[in-house]
Amino acid sequence: SESVNDESVRFNQAVEKFAFALQLAGVNSFSNSDVQEIFDIDEKLLLQHNSLVTHSENNWGFVNALFQEHIAANKLSKMYFEEIVSLCTVGNSIKKIKTKWIQTISSLISVLNPKSELFEKIFNLIENDNIELLFQTESSKYEDDLKLSLIKKLINKCSLQNTRTQ
């Protein structure tokens with residue numbers, strides 16, 4: 001049982017490493033040479049036998065980008081806020097979430113405990129970047145009064161900028 005558990009942990013680590021490496025590279029697939037360079041033989045075998053990962057002659061990726069983003073979000077959930085910001089945003093005084101990371105950050109909100117400090121900081125990051133993104137996250141994580149507050153803030157933003165939401 002211990003060896004099965006160890007194998008399961010190694011399997012999950014390889015998939016998480018793969019998803020995160022793709023996110024960091026800003027791509028949805030790697031070539032064979034990329035995979036050879038990043039992963040050892042055991043990790044490569046684990047990826048080859050994973051139903052979430054596809055590999056053809058020279059392409060390795062997830063069967064759906066949502067898996068990549070959600071698994072990368074799980075990796076982010078184990079990091080400090082400052083690390084997340086340094087990886088996923090651009091800008092010095094005003095932090096903007098990089099396009100490739102928007103869905104991953106949205107997935108991060110769904111895996112975090114809504115009462116945690118990290119959830120609050122990520123929520124504020126998204127709200128300050130682009131409040132509309134919060135409407136694409138898992139709404140069941142928010143209390144009704146917070147939902148109402150977000151709607152009011154969005155309406156106010158649109159009114160001030162004389163714009164409409166997408």
Side-chain angles (χ1 to χ4, degrees), residues 1-92 94-130 132-142:
S1 174
E2 185 65 35
S3 64
V4 171
N5 190 35
D6 288 347
E7 199 62 26
S8 176
V9 167
R10 287 181 47 231
F11 182 79
N12 289 335
Q13 288 172 338
V15 172
E16 191 175 80
K17 180 179 176 180
F18 183 58
F20 205 66
L22 287 168
Q23 278 300 119
L24 287 172
V27 297
N28 289 330
S29 66
F30 281 141
S31 67
N32 268 329
S33 59
D34 293 333
V35 171
Q36 297 285 353
E37 192 175 315
I38 299 169
F39 300 95
D40 64 34
I41 293 167
D42 289 339
E43 290 171 326
K44 188 177 171 187
L45 278 172
L46 289 170
L47 292 174
Q48 281 178 322
H49 297 288
N50 185 320
S51 60
L52 299 178
V53 176
T54 62
H55 56 93
S56 59
E57 200 163 306
N58 193 35
N59 245 5
W60 291 70
F62 281 90
V63 294
N64 188 308
L66 287 174
F67 293 125
Q68 173 183 325
E69 293 155 349
H70 191 76
I71 294 167
N74 275 328
K75 172 86 172 166
L76 289 177
S77 74
K78 302 168 194 163
M79 301 172 109
Y80 292 108
F81 176 72
E82 294 72 21
E83 292 175 290
I84 296 169
V85 168
S86 72
L87 293 171
C88 305
T89 65
V90 294
N92 293 325
I94 299 174
K95 297 292 183 189
K96 300 291 287 177
I97 299 169
K98 295 175 185 174
T99 304
K100 181 66 179 162
W101 288 90
I102 290 172
Q103 193 59 49
T104 306
I105 294 293
S106 293
S107 291
L108 177 59
I109 282 283
S110 72
V111 299
L112 291 174
N113 177 341
K115 303 209 182 309
S116 72
E117 183 180 342
L118 184 56
F119 178 94
E120 188 178 321
K121 287 180 175 182
I122 294 296
F123 183 93
N124 289 333
L125 173 69
I126 297 171
E127 183 179 7
N128 291 331
D129 177 11
N130 186 347
E132 289 93 341
L133 296 177
L134 288 170
F135 292 92
Q136 298 172 18
T137 61
E138 180 56 48
S139 65
S140 66
K141 292 279 189 170
Y142 311 136

Original post:
Name the one of Asp129, Thr89, Asn130 that satisfies side-chain hydrogen bond (donor to acceptor under 3.5 Å, both in side chains) with Lys96?
Top reply: Asp129

**OP:** Decide whether Asn59 and Ser56 meet the rule of one side-chain donor and one side-chain acceptor closer than 3.5 Å.
**Re:** no

Original post:
Hey, are the side chains of Leu76 and Ile105 touching, using non-hydrogen atoms and a 4.5 Å cut-off?
Top reply: yes

Subject >> Pair Glu16 + Lys78: basic N to acidic O under 4.0 Å >> reply: yes

Original post:
For the atom pair CD (Glu69) and CG (Asn64), what is the distance rounded to the nearest 0.5 Å?
Top reply: 8.0 Å

**OP:** Check whether any side-chain heavy atom of His70 lies under 4.5 Å from a side-chain heavy atom of Val111, and answer yes or no.
**Re:** yes

Original post:
Where the side chain of Asp34 meets the backbone of Ser31, is there a donor-acceptor pair that is under 3.5 Å apart?
Top reply: yes

**OP:** Taking ring pair (Phe, Tyr, Trp, His ring centres under 6.0 Å) as the test, write out the residues that go with Phe123, two or more places apart.
**Re:** Tyr142

Original post:
Under the 3.5 angstrom rule, does the side chain of Gln48 hit a backbone N or O of His55 as a donor-acceptor pair?
Top reply: no

Subject >> Whether Asn32 side chain and Glu57 backbone form a donor-acceptor pair below 3.5 Å >> reply: yes

**OP:** May I ask you to decide if Lys100's main-chain N or O and Gln23's side chain share a donor-acceptor pair within less than 3.5 Å?
**Re:** yes

Original post:
Are any of the side-chain heavy atoms of Gln103 and Leu66 separated by less than 4.5 Å?
Top reply: yes

**OP:** Please examine the side chains of Arg10 and Asp42, heavy atoms only from C-beta on, and report whether any two atoms are closer than 4.5 Å.
**Re:** yes

Original post:
Can you check whether Ile38's main-chain N or O pairs, donor with acceptor, with Lys17's side chain at less than 3.5 Å?
Top reply: yes

Subject >> Distance in Å, Cys88 SG paired with Ile102 CD1, rounded so as to fall on 0.5 Å steps >> reply: 11.0 Å

**OP:** Could you check if a side-chain atom of Glu120 sits within less than 4.5 angstrom of a side-chain atom of Glu117, using non-hydrogen atoms only?
**Re:** no

Original post:
Quick one: CD1 on Ile97 to CG on Asn128, what's the gap to the nearest 0.5 Å?
Top reply: 9.5 Å

Subject >> Close side-chain approach of Val53 and Val63, heavy atoms under 4.5 Å >> reply: no

Subject >> Point-to-point distance, once rounded to the nearest 0.5 Å, from CD of Gln36 to CH2 of Trp60 >> reply: 8.0 Å

**OP:** Return yes if some donor-acceptor pair links the side-chain N/O of Glu43 with the main-chain N/O of Asp40 below 3.5 Å, else return no.
**Re:** yes

Subject >> Nearest heavy atoms of Ser116 and Leu112, plus distance in Å >> reply: OG-CB, 4.5 Å

Original post:
Which pairs count as ring pair (Phe, Tyr, Trp, His ring centres under 6.0 Å) when at least one residue sits in residues 23-54, sequence neighbours excluded?
Top reply: Phe18-Phe39

**OP:** Step through the shown structure and confirm whether more than 12 heavy atoms of other residues, nucleotides or ligands are within 6.0 Å of NZ on Lys44.
**Re:** yes

Subject >> Asn74 and Leu108: CA distance, side-chain angles, deciding distance, side-chain contact (heavy atoms from CB on, under 4.5 Å) verdict >> reply: CA-CA 7 Å; Asn74 275 328; Leu108 177 59; over 6 Å; no

**OP:** I would like to know whether Ile84 and Ile122 meet side-chain contact (heavy atoms from CB on, under 4.5 Å); could you show each step before the answer?
**Re:** CA-CA 9 Å; Ile84 296 169; Ile122 294 296; 3.9 Å; yes

**OP:** With sequence neighbours left out, write down each residue that passes ring pair (Phe, Tyr, Trp, His ring centres under 6.0 Å) with Phe67, or none if nothing qualifies.
**Re:** none

**OP:** Indicate the atoms forming the closest heavy-atom contact of Ala19 with Ile71, along with that distance.
**Re:** CB-CG2, 3.6 Å

**OP:** Could you check if a side-chain atom of Phe119 sits within less than 4.5 angstrom of a side-chain atom of Pro114, using non-hydrogen atoms only?
**Re:** yes

**OP:** Verify side-chain contact (heavy atoms from CB on, under 4.5 Å) between Thr54 and Phe62, making sure each step is shown before the conclusion.
**Re:** CA-CA 6 Å; Thr54 62; Phe62 281 90; over 6 Å; no

**OP:** Check the pair Leu118 / Asn113 against side-chain contact (heavy atoms from CB on, under 4.5 Å), numbers first and verdict last.
**Re:** CA-CA 8 Å; Leu118 184 56; Asn113 177 341; over 6 Å; no

Original post:
With a 4.5 Å heavy-atom cut-off, do Leu87 and Met79 have their side chains touching?
Top reply: yes

